[in-house]
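Structure first, then comments.
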Protein chains: 2
Amino acid sequence: MVKCLEPQLDRLFGALGEPVRRAVVRDLALGEKSLSELAEPFDITLPGMMKHVAILEEAGLVMTEKRGRTRFCRLEPEALSHAQRWIEETTSFWTKRLEALATYLEEEN
Amino acid sequence: MVKCLEPQLDRLFGALGEPVRRAVVRDLALGEKSLSELAEPFDITLPGMMKHVAILEEAGLVMTEKRGRTRFCRLEPEALSHAQRWIEETTSFWTKRLEALATYLEEEN
DNA sequence: CAAACACTTAACCATTTGGTTAAGTATAGG
DNA sequence: CCTATACTTAACCAAATGGTTAAGTGTTTG
């Protein structure tokens with residue numbers, strides 16, 4: 001039996017597995033935005049966008065800060081590198097395996 | 001209003017947002033495995049593992065083939081590169097933005 | 001050919017997800 | 001101070017998720 005040792009990766013990949021949230025992540029590269037500014041391009045209510053932003057926050061992708069009556073959202077640029085690292089580790093693991101297999105087949109001749 | 005143009009990314013990131021499925025992806029780097037071999041390390045039934053493998057298949061991460069009474073699963077090594085490309089595009093977008101901001105602040109002085 | 005094996009299908013279940021509406025709270029502006 | 005703005009909270013909803021059990025189907029194997 002194996003347990004999950006990487007809940008942060010669950011949240012990170014989970015957060016990215018939704019089109020609105022990926023779009024928000026791209027939007028925020030243009031700079032800080034308020035919740036209503038984020039919601040505006042989508043056919044979505046403000047509470048709806050709040051839930052998406054909360055999920056992005058828990059995934060570590062976004063930071064929010066309230067100034068006056070406005071909540072501003074901005075990117076946490078380090079976050080994506082965790083996902084990237086997992087993918088790189090995994091593909092390099094695959095590649096090594098495939099190279100080992102190729103070597104083996106060559107020595108077979 | 002913005003629609004989703006990348007359903008494959010939804011499936012890909014969605015599939016990776018679950019610890020059992022990430023573990024399966026790593027397991028399969030060791031080579032082809034049957035459904036029961038995949039299920040064995042986890043506290044999960046065979047139908048449970050079948051659902052995970054089906055999701056990995058729809059995400060394009062895994063190929064399966066039935067030989068005799070056994071269904072073998074193997075990796076589709078190209079699949080992860082789509083996720084990697086999205087992350088790279090997004091972070092390079094961020095980086096450009098941050099560099100532009102740095103330049104702007106420098107010229108301010 | 002009978003039984004064991006490896007999966008498959010179907011039905012069900014609790015929880016989470018992605019969304020809503022409606023009624024708040026708190027700040028800004030006139 | 002009153003009102004509009006911008007968010008927040010709560011309650012609700014349908015559908016999807018991650019799991020199960022139970023009863024199949026199709027392939028070895030003795």
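Chain letters run A, B, ... following the sequence lines, proteins first, then strands; residues in each count from 1.
Nucleic acid contact for Leu35(B): sugar-phosphate only, since backbone atoms but no base atoms lie under 4.0 Å from a heavy atom of the residue. Counting non-hydrogen atoms under 4.0 angstrom, Thr70(A) reaches the backbone sugars and phosphates but no base.
The side chain of His52(B) contributes no N or O atom lying less than 4.0 Å from OP1 or OP2 of dT17(D). Of the side-chain N and O atoms in Arg71(B), one or more sit less than 4.0 angstrom from OP1 or OP2 of dT8(C).
The side chain of Glu18(B) approaches dG19(D) more closely than any other nucleotide in the set dG19(D), dT8(D), dG19(C). Distances were taken from every side-chain heavy atom of Met50(A) (C-beta onward) to each of dC12(D), dT21(D), dT9(D); the shortest belongs to dT9(D). Comparing dG18(D), dT9(D), dT8(C) against the side chain of Pro47(A) picks out dT9(D) as the nearest. Closest approach to the Leu46(A) side chain among dG19(C), dC12(C), dT8(D) is made by dT8(D) (side chain taken as heavy atoms from C-beta onward). Nearest nucleotide to the Lys66(B) side chain, out of dT8(C), dG18(C), dG18(D): dT8(C).
The heavy-atom pair separating Leu46(A) from Ala39(A) by the smallest distance is CD1-CB, 4.3 Å.
Considering only heavy atoms from C-beta on, Leu61(B) comes within 4.5 Å of Leu16(B) through its side chain. By the 4.5 Å heavy-atom criterion applied to side chains, Leu38(A) and Leu28(A) are counted as neighbours. Residues Glu18(A) and Asp10(B) are not in side-chain contact: their nearest non-hydrogen atoms beyond the backbone lie 4.5 Å or more apart.
Glu37(B) contributes a side-chain N or O that, together with a main-chain N or O of Ser34(B), makes up a donor-acceptor pair within less than 3.5 Å. Checking side-chain atoms of Arg21(B) against main-chain N and O of Ala15(B) turns up a donor-acceptor pair under 3.5 Å.
Residues in residues 61-84 of chain A take part in no ring-ring contact (aromatic ring centres under 6.0 Å, His included) pair, two or more places apart or across chains.
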field: Nucleic acid footprint by protein, nucleotides 24-30 of chain D - heavy-atom cut-off 4.0 Å, B for base, S for sugar-phosphate alone
entry: --BBS--
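What separates CG of Leu56(B) from C1' of dG18(D) is a distance of 13 Å, to the nearest Å. Taking atom CZ on Phe72(A) and atom C1' on dT5(D), their separation rounds to 13 Å, with Å as the unit. Glu65(A) places its CD atom 18 Å from the P atom of dA6(D), with the value rounded to the nearest Å. In this structure, Lys51(B) places its NZ atom 8 Å from C1' of dT20(D), rounding to the nearest Å. Rounded to an integer number of Å, the gap from Arg21(B) CZ to dA16(D) C1' is 12 Å. A straight line from CZ of Phe13(B) to C1' of dT17(C) spans 19 Å, rounded to a whole angstrom. Between the P atom of dT20(D) and the CZ atom of Phe42(B) lies a distance of 13 Å, rounded to the nearest Å. Residue Asp43(A) contributes atom CG, which lies 11 Å from atom C1' of dT20(C) at whole-angstrom precision.
Annotation: of the two residues near DNA chain C, Ser34(B) and Gly17(A), the 5′-most nearest-nucleotide partner is Ser34(B).
Checked for salt-bridge contact, Glu6(B) and Arg11(B) miss the test: no charged N lies under 4.0 Å from a carboxylate O.
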